[in-house]
Amino acid sequence: MTFTRRTAQAAAALAVLGAFALAPAHAQDKPKVALVMKSLANEFFATMEDGAKAHQKANAGQYTLVANGIKNETDTAAQIKMVEQMVAQKVNALVIAPADSKALVPAIKAAVDKGILVVNIDNRLDAAALKEKNIQVTFVGPDNRAGAKLVGDYLGKQLKSGDKVGIIEGVSTTFNAQQRTLGYQDAMKAVGANVVGVQSGQWEIDKGNTVAAGMLREHPDLKALLAGNDSMALGAVAAVKAAGKTGQVQVVGYDNIGAIKPMLADGRVLATADQFGAKQAVFGIETALKALAEKKTQAQMPAEIKTDVVLVTKDSK
């Protein structure tokens with residue numbers, strides 16, 4: 001799968017992000033952009049960080065980058081502290097993949113009040129929580145529900161009405177986890193499959209493995225496990241193997257991380273979705289830099305800029 005295979009609509013959206021040239025800046029005038037991510041133990045976010053650093057290196061004369069992430073997917077308190085540190089360092093813009101869609105909003109409000117431009121990537125901040133704080137934060141990213149439905153629809157071709165399936169959800173308080181579950185449920189409803197459970201694997205391999213193993217024990221006739229990300233899919237694959245059901249229980253994921261590719265090739269994983277992790281932070285950074293160059297305020301920023309998400313299977317090029 002290569003990044004060049006975008007839909008025309010998504011290509012146009014991304015062109016908007018890239019279609020600006022920053023004016024030459026003296027070193028002391030360069031904006032400082034903070035990138036705050038979720039767990040860097042997750043290959044998706046490590047790839048995201050690498051992509052952001054490569055972009056900054058290629059544009060070193062235009063901005064400086066401070067990138068950081070938390071140690072695990074649920075350490076929301078640590079991420080809030082990172083945001084507070086970035087405010088204290090007087091960064092010009094903050095690009096954030098929030099660990100929790102609601103809990104980060106007060107810290108983000110504090111950043112906006114200090115004049116820092118904030119751009120939201122990966123996991124969408126809660127609309128009601130933002131409205132309560134009277135702020136708007138641009139979300140730059142894919143439609144997670146649509147992406148998960150692509151994966152679920154592909155799996156659905158292998159199922160028949162009444163087949164039992166389980167959904168391994170990400171951190172349940174995150175918008176993208178909720179949206180991916182809804183996308184999976186949309187697809188399963190369309191084929192008449194029976195979703196016997198939705199349980200959180202907290203985006204992590206070990207927890208995904210525990211949830212999958214429990215579902216397989218409780219439902220010996222389970223036909224598929226739909227994981228909200230590829231880390232949990234890796235855990236599900238191990239659980240299927242331990243249960244002696246490789247080839248009998250289908251597994252799907254989301255993110256298209258490197259570790260999933262050999263499993264797609266040999267059938268241990270049926271499908272995943274690619275939302276181009278290496279580019280996610282870059283989209284957010286370019287959106288922030290464009291707004292800074294145009295001297296836009298937070299309130300003048302667009303509500304949303306959609307990026308691409310595509311289905312990946314063993315037959316994808």
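With hydrophobic clusters built from ILVMFWY side chains whose heavy atoms lie under 4.5 angstrom apart, Ile305 shares a cluster with Met48. Leu292 and Val137 fall into different hydrophobic clusters, where Ile, Leu, Val, Met, Phe, Trp and Tyr are joined by side-chain heavy atoms under 4.5 Å apart, directly or via other members. Residues Leu65 and Ile70 do not share a hydrophobic cluster, clusters being chains of Ile/Leu/Val/Met/Phe/Trp/Tyr side chains in contact below 4.5 Å. Under the 4.5 Å side-chain heavy-atom criterion for ILVMFWY residues, no single connected hydrophobic cluster contains both Phe175 and Ile135. Side-chain heavy atoms closer than 4.5 Å link hydrophobic residues (I, L, V, M, F, W, Y) into clusters, and following such links, even through other members, never connects Leu182 to Met188.
Looking only at side-chain heavy atoms (C-beta outward), Ile257 and Thr47 stay at 4.5 Å or farther from each other. Ile96 has its side chain within reach of Val118: a pair of non-hydrogen atoms, C-beta onward, lies under 4.5 Å apart. Contact of the Leu117 side chain with the Gln298 side chain is registered, since non-hydrogen atoms from C-beta on lie closer than 4.5 Å. Side-chain contact between Asp274 and Asp255 is absent, with no heavy-atom pair separated by less than 4.5 Å. Side chains of Val310 and Phe276 form a contact here, defined as non-hydrogen atoms less than 4.5 Å apart. With a 4.5 Å cut-off on side-chain heavy atoms, Val237 and Asn209 do not count as touching. Residues Glu84 and Lys81 meet the side-chain proximity criterion, which asks for heavy atoms closer than 4.5 Å. For the pair Leu264/Asn256, a side-chain contact is recorded, criterion being any heavy-atom separation below 4.5 Å from C-beta on.
Of all the heavy atoms in Gly183 and Ala148, the pair that sits closest is CA-CB, 4.0 Å. Taking all atoms of both residues into account, the shortest heavy-atom contact from Phe45 to Met37 is O-SD, 3.7 Å. Considering every non-hydrogen atom in both Ala271 and Thr313, the closest pair reads CB-CG2, 4.1 Å. Of all the heavy atoms in Asn194 and Gly162, the pair that sits closest is CB-O, 4.0 Å. When all heavy atoms of Glu73 and Ala99 are compared, the pair lying nearest together is O-CB, 3.8 Å. Contact detail for Pro31 and Gln62: the closest heavy-atom pair is CD-O, 3.2 Å.
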ask   = Val140 and Gln280: side chain to side chain contact (heavy atoms under 4.5 Å, CB included), yes or no, with the steps?
value = CA-CA 8 Å; Val140 180; Gln280 284 294 306; over 6 Å; no

task = Could you walk me through whether Val151 and Thr272 pass the side chain to side chain contact (heavy atoms under 4.5 Å, CB included) test, one step at a time?
result = CA-CA 6 Å; Val151 176; Thr272 187; 5.5 Å; no

task = Go through Lys38 and Phe44 one step at a time and tell me if the side chain to side chain contact (heavy atoms under 4.5 Å, CB included) criterion holds.
result = CA-CA 10 Å; Lys38 294 194 280 185; Phe44 179 78; over 6 Å; no

inquiry  = Before you tell me yes or no, could you show the steps for Leu94 and Val83 under side chain to side chain contact (heavy atoms under 4.5 Å, CB included), namely the whole-Å CA-CA distance, both residues' side-chain angles and the distance that decides it to 0.1 Å?
reply    = CA-CA 8 Å; Leu94 169 67; Val83 172; 3.9 Å; yes

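Each of Thr173, Thr174, Asn123, Asp126 was scored for a side chain to side chain donor-acceptor pair (under 3.5 Å) with Ser101, with one residue passing: Asn123.
Remark: side-chain polar atoms of Lys30 are paired, donor with acceptor, to backbone N or O of Ala60 under 3.5 angstrom. Checked by atom type and distance alone, the side chain of Asn134 never pairs as donor or acceptor with a backbone atom of Lys131 at under 3.5 Å. Gln179 places no side-chain N or O within 3.5 Å of a backbone atom of Asp143 that could act as its donor or acceptor partner. Under a 3.5 Å cut-off, the side chain of Gln300 and the backbone N or O of Thr297 do form a donor-acceptor pair. Put simply, the side chain of Glu49 never gets that close to the backbone of Leu40: no donor and acceptor are under 3.5 Å apart. A donor-acceptor contact shorter than 3.5 Å links the side chain of Asn92 to the backbone of Lys32. Between the side chain of Gln136 and the main chain of Met301, a donor-acceptor pair closer than 3.5 Å is present. Although no hydrogens or angles enter the test, the distance criterion places no donor-acceptor pair under 3.5 Å between the side chain of Gln275 and the main chain of Asp308. Judged by distance alone, with hydrogens and angles left aside, the side-chain atoms of Gln79 form a donor-acceptor pair with the main-chain N or O of Ala97 at under 3.5 Å.
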In a table with atom names and distances, give each donor-acceptor pair under 3.5 Å that connects a side chain of residues 211-229 to protein atoms at least two apart or in another chain.
from: Asp221; atom 1: OD2; to: Lys164; atom 2: NZ; distance (Å): 3.4
from: Asn229; atom 1: OD1; to: Ser231; atom 2: N; distance (Å): 3.4
from: Asn229; atom 1: OD1; to: Met232; atom 2: N; distance (Å): 2.9
from: Asn229; atom 1: ND2; to: Trp203; atom 2: O; distance (Å): 3.1

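Sorted by first and then second residue, the salt bridge (Lys or Arg N to Asp or Glu O under 4.0 Å) pairs with a member in residues 229-247 form an empty list; sequence neighbours excluded.
Between Lys149 and Asp153, at least one side-chain nitrogen of the basic residue sits less than 4.0 Å from a carboxylate oxygen of the acidic one, meeting the salt-bridge criterion. A salt bridge links Arg268 to Asp266: one of the charged nitrogens lies within less than 4.0 Å of a carboxylate oxygen. A salt bridge links Lys290 to Glu294: at least one charged side-chain nitrogen sits closer than 4.0 Å to a carboxylate oxygen.
When the shell of 6.0 Å around NZ of Lys102 is examined, it contains 12 or fewer heavy atoms from other residues, nucleotides or ligands. Around atom CG of Asp50, more than 12 heavy atoms belonging to other residues, nucleotides or ligands sit under 6.0 Å away. No more than 12 heavy atoms of other residues, nucleotides or ligands sit less than 6.0 Å from atom CD of Glu132.
Separation of atoms CG (Asn120) and CG (Leu125) is listed at 4.0 Å; rounding is to 0.5 Å. The CG atom of Asn144 sits 4.5 Å away from the CZ atom of Arg180 when rounded to the nearest 0.5 Å. The CG atom of Asp100 lies 12.0 Å from the CG atom of Asp75; values are rounded to the nearest 0.5 Å. Taken to the nearest 0.5 Å, the CD atom of Glu169 stands 10.0 Å off from the CG atom of Asn176. Rounding to the nearest 0.5 Å gives a distance of 11.0 Å between CE of Met82 and CG of Leu104. Going from atom CD of Gln85 over to atom CG of Asn68 covers 7.5 Å, rounded to the nearest 0.5 Å.
Counting only N and O atoms by type, the side chains of Asn72 and Glu204 include no donor and acceptor under 3.5 Å apart.
Take Leu270 and apply the side-chain contact (heavy atoms from CB on, under 4.5 Å) test, not counting sequence neighbours, and it matches Tyr154, Leu155, Gln158, Gln250, Val252.
A distance below 6.0 Å separates the ring centres of His55 and Tyr63.
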